[in-house]
Every structure is written in C-alpha cells, then in structure tokens.
*Asks:* 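This is the structure I want to talk about, given as structure tokens.
So you know, we letter chains A, B, ... as the sequences are listed, proteins then strands, and number each from 1.
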There are 2 protein chains.
Amino acid sequence: MDDIDEQIVSYLSNHGRASFREVGSHVGLSAPATKRRVDRLLDDGVIEGFAALVDPASIGWNTDVFVSIFARGNIPPDRIRTAVAKVPEVIAAYTVTGDADALLHVRVRDTRHLEQTLERIRQEEFVAQTRSLVVLSRLVERGTPV
Amino acid sequence: MDDIDEQIVSYLSNHGRASFREVGSHVGLSAPATKRRVDRLLDDGVIEGFAALVDPASIGWNTDVFVSIFARGNIPPDRIRTAVAKVPEVIAAYTVTGDADALLHVRVRDTRHLEQTLERIRQEEFVAQTRSLVVLSRLVERGTPV
DNA sequence: AGTGAAACCTAGAACCG
DNA sequence: CGGTTCTAGGTTTCACT
C-alpha cells in the first residue's frame, strides 16, 4: 500500500468504470501494471468491489430513517449483525457508544414500508426498544475521502 | 424506467465493472442496447456514477462518528449542505426529525483527526451544539436494495 | 425501441528488463 | 516491481428493422 496504490484507489472511487489505461495515465503507470495493482488491491480487500451509485429517490426509495436499537442485556455485535443482515432495508448498521446499543440506517419506499420494516426489526428477541429519526433531506452522501 | 431498467440498475449496483454484454445477457438484451439504456440512466440521474467500494480501515480511516448538530434558530438545509460539503471527512449529512437539526456521518483516521474535524464543524456560526456518537464496529454497509 | 457488423479500443497473458 | 507485445474480447458507431 504505497502512494500509487492510494492514487489508484482514490481515482477508482470516483471513476469506477475507468479503463486501466485511463487509471494508469493518472498515476503514471501502464495499463497492465495498473491492472496488476488493482487485482492485488482486490485480493487484499482494500477494494471490496465495484458498484453503480444509484439515486434511491429515482427508483422509488424515498424514505431514510436512522433507528437506534436498545438491546436487552449484553448482546454480542455478531448477533446484531446476523439479525439485521437478513433485513435488506437496513443499508447500514453500527454498534455505537452512548445510550443506544446499535444504530441502523434504514432505507424504505414509504412510511407504510417503514412500519413493516420496523415491525420486523422489533421482532428480534434482543430488541428491547427502538427510536427512529426520520431523514428530511439527504444533504451529502459520498465515499471515504482517501 | 421499466422492468429491464430496474434489472440493469440492480445488476450494476453489485457488478459495477461488468461489461455491457454481461449485463445484457442478464436482462436479455444485446450489448449496444444495454449501453444505450445505461447511458440514458446516467443522463436521467438514476445512476449517479460508478465507484470502487473501498474498505476504509485498510487505508487507515479507522474511526466513524455520527454527529448530531443543534443549530441556532432556523437554518435552511442548503446552508448546512454548503457548510458540510467543504469538510471532506463528512461522508454523509442529513436533516432529521427530532431534537437535533442535522445528523452528520463523519469518517476520520483517528481520534486526534476527529478532534480537528469536530473543531472545524463547530466553527460554523449556525452550530450551537454538537453531540457525537462514536462507532464501535461497522456491522453492515451496502447500497439501496433496489 | 431493437439487432448485427465493423472499426476501434481494452483486457489479460506471456515475456522480458 | 516495471514495461512491451499480442490475441481475444469489449466498446461504440452505423445501417437497418
């Protein structure tokens, strides 16, 4: 993981479909050399994959909610992970400091869909209480600054 | 935005570097037809771009924090947007219901870097108070379910 | 809207400094 | 590590349906 790797990662974070030649020209390497580095970065897990960035609203997913989870007793993080991984509407989940045990980022189509999703989350035995913060507007969303 | 478009978007969310031929074979279209649809989806803003998904920890960004912003008086969301857009460590920002006015997702290298970033955020005149929730572990992180 | 063909460019492997 | 070369395959435009 040297300086060139960082430049490659940075460039590919913003131009995920750029050709190796294009990436290489930005970091001063030939296309094959760039590809070898990208393959290694993928192998090492630095680059986890490639994705199209989709505007959720334009495909009908209009409601974002942050749900704080208050758990019964001491719950191992992996237990929470496996539980929320089964709910596709949970697009991110974290264990956090503070009064709550976990914070879920939930993305749903509408409030009816939110109700169903919250119901499903609350059915997990370890969930004692939930508190929802509805997102009014998404101001910024981007990747790690690198 | 028909059924095939949804399939294309769904496939590209998980295989951002797949060839048009490969995408087309999954949705029953030729490569040129697939490319035209993807170009249109980009034009229409449904697909905002393509990105490499980077594991932040492997490049030294080890600390995630959620920062609640309590604003002085009534602040228009755009004012908050322009303010936080200038801080690269803010990887996401939302206006939310509840007691806080905005919720920021901050990603930094370490706690020292966090201190600097919080200082910078607090310097905005409209920020009356902040409350930080430090992420202990990232359990799940993925895109819109589509 | 769609397909198929042609020109051009890229990917991926082999080989060499 | 890096570059160069080569072949297979992808991208993109065009004519046509």
Side-chain angles (χ1 to χ4, degrees), chain A residues 1-62 109-110 141-146, chain B residues 1-62 109-110 141-146:
Chain A
M1 198 63 203
D2 59 8
D3 188 57
I4 295 177
D5 282 340
E6 282 205 10
Q7 287 179 267
I8 290 174
V9 167
S10 170
Y11 193 80
L12 281 174
S13 318
N14 297 307
H15 307 89
R17 273 184 87 87
S19 68
F20 293 123
R21 163 187 285 247
E22 182 183 336
V23 179
S25 80
H26 278 266
V27 304
L29 248 51
S30 69
T34 306
K35 176 190 160 21
R36 278 194 292 260
R37 278 177 179 260
V38 172
D39 284 345
R40 184 173 46 72
L41 289 166
L42 281 163
D43 264 355
D44 295 351
V46 176
I47 297 176
E48 297 171 336
F50 294 91
L53 304 177
V54 179
D55 173 31
S58 69
I59 52 171
W61 294 68
N62 291 298
R109 295 187 164 278
D110 47 43
E141 243 174 20
R142 57 188 169 200
T144 310
V146 185
Chain B
M1 198 64 204
D2 59 6
D3 188 57
I4 295 178
D5 282 340
E6 282 205 11
Q7 287 179 266
I8 290 174
V9 166
S10 169
Y11 194 80
L12 282 175
S13 324
N14 298 307
H15 307 88
R17 272 183 88 86
S19 69
F20 293 124
R21 164 188 283 241
E22 181 183 337
V23 178
S25 80
H26 277 265
V27 303
L29 247 51
S30 67
T34 306
K35 176 192 166 10
R36 270 202 296 266
R37 278 177 178 260
V38 172
D39 285 344
R40 184 172 47 68
L41 290 166
L42 281 163
D43 266 354
D44 295 352
V46 176
I47 297 176
E48 296 170 336
F50 293 92
L53 304 177
V54 179
D55 173 30
S58 68
I59 52 171
W61 293 69
N62 291 299
R109 295 186 165 277
D110 48 42
E141 241 173 20
R142 58 187 170 200
T144 309
V146 185

*Asks:* Map Ile4(A) and Ala31(B) onto DNA chain D by nearest heavy atom, then report which one ends up closer to the 5' terminus.
*Replies:*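 Its nearest nucleotide lies further toward 5', so the answer is Ile4(A).
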
*Asks:* Looking at the side chain of Arg37(A), which of dT4(D), dG3(D), dC1(D) is the nearest nucleotide?
*Replies:* dC1(D)

*Asks:* Is Ile59(B) close to Glu6(A) at the side-chain level, that is, under 4.5 Å between some pair of heavy atoms?
*Replies:*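 They are not in side-chain contact.
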
*Asks:* Go through dT11(D), dA11(C), dG3(D) for me and flag the one nearest to the Arg17(A) side chain.
*Replies:* dT11(D)

*Asks:* Look at the side chain of Arg36(B) and the base of dG2(C), then say whether one donor and one acceptor between them are separated by less than 3.5 Å.
*Replies:*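 Present.
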
*Asks:* Whether Ser30(B) contacts dT3(C) is assessed here as follows: a side-chain N or O lying under 4.0 Å from the phosphate OP1 or OP2. Is that the case?
*Replies:*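 True: Ser30(B) side-chain N/O within range (under 4.0 Å) of dT3(C) OP1/OP2.
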
*Asks:* What do the steps show when you test Leu41(B) against Met1(B) for side-chain contact (heavy atoms from CB on, under 4.5 Å), and what is the final call?
*Replies:* CA-CA 8 Å; Leu41(B) 290 166; Met1(B) 198 64 204; 3.9 Å; yes

*Asks:* Could you go through the side-chain contact (heavy atoms from CB on, under 4.5 Å) check for Val146(B) and Trp61(A) one step at a time?
*Replies:* CA-CA 8 Å; Val146(B) 185; Trp61(A) 294 68; 5.5 Å; no

*Asks:* Over how many whole Å does the gap from Asp39(A) atom CG to dT10(C) atom P extend?
*Replies:*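 So the two atoms are 18 Å apart, to the nearest Å.
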
*Asks:* Expressed as a whole number of angstroms, how long is the span from His15(A):NE2 to dT10(C):C1'?
*Replies:*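 Distance check: His15(A) NE2 to dT10(C) C1' gives 18 Å.
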
*Asks:* What is the distance from NZ of Lys35(B) to P of dC8(C), rounded to the nearest Å?
*Replies:*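 It works out to 17 Å between those atoms.
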
*Asks:* With respect to the side chain of Ala33(B), which nucleotide from dG4(C), dG2(C), dA11(C) is positioned closest?
*Replies:*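 Closest nucleotide among those given: dG2(C).
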
*Asks:* Check whether more than 12 heavy atoms from other residues, nucleotides or ligands sit under 6.0 Å from atom CZ of Arg21(A), and answer yes or no.
*Replies:* no

*Asks:* Given Asn62(A) and Arg109(A), is the side-chain contact (heavy atoms from CB on, under 4.5 Å) satisfied, shown in steps?
*Replies:* CA-CA 5 Å; Asn62(A) 291 298; Arg109(A) 295 187 164 278; over 6 Å; no

*Asks:* Considering only side-chain heavy atoms of Arg40(A), which listed nucleotide, dA13(C), dC1(D), dT12(D), is closest?
*Replies:*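 Shortest atom-to-atom distance from the side chain points to dC1(D).
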
*Asks:* The side chain of Ser19(A) is closest to which nucleotide in this list: dG12(C), dT10(C), dT3(C)?
*Replies:* dT10(C)

*Asks:* How many Å lie between CZ on Phe20(B) and C1' on dT3(C), as a whole number?
*Replies:* 17 Å

*Asks:* Among dG2(D), dG10(D), dT12(D), find the nucleotide with the atom closest to the side chain of Arg21(B).
*Replies:*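 Per side-chain heavy atoms of Arg21(B), the pick is dG10(D).
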
*Asks:* Roughly, in whole Å, what's the span from CD1 in Ile8(B) to C1' in dG2(C)?
*Replies:*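 Value for this atom pair: 13 Å.
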
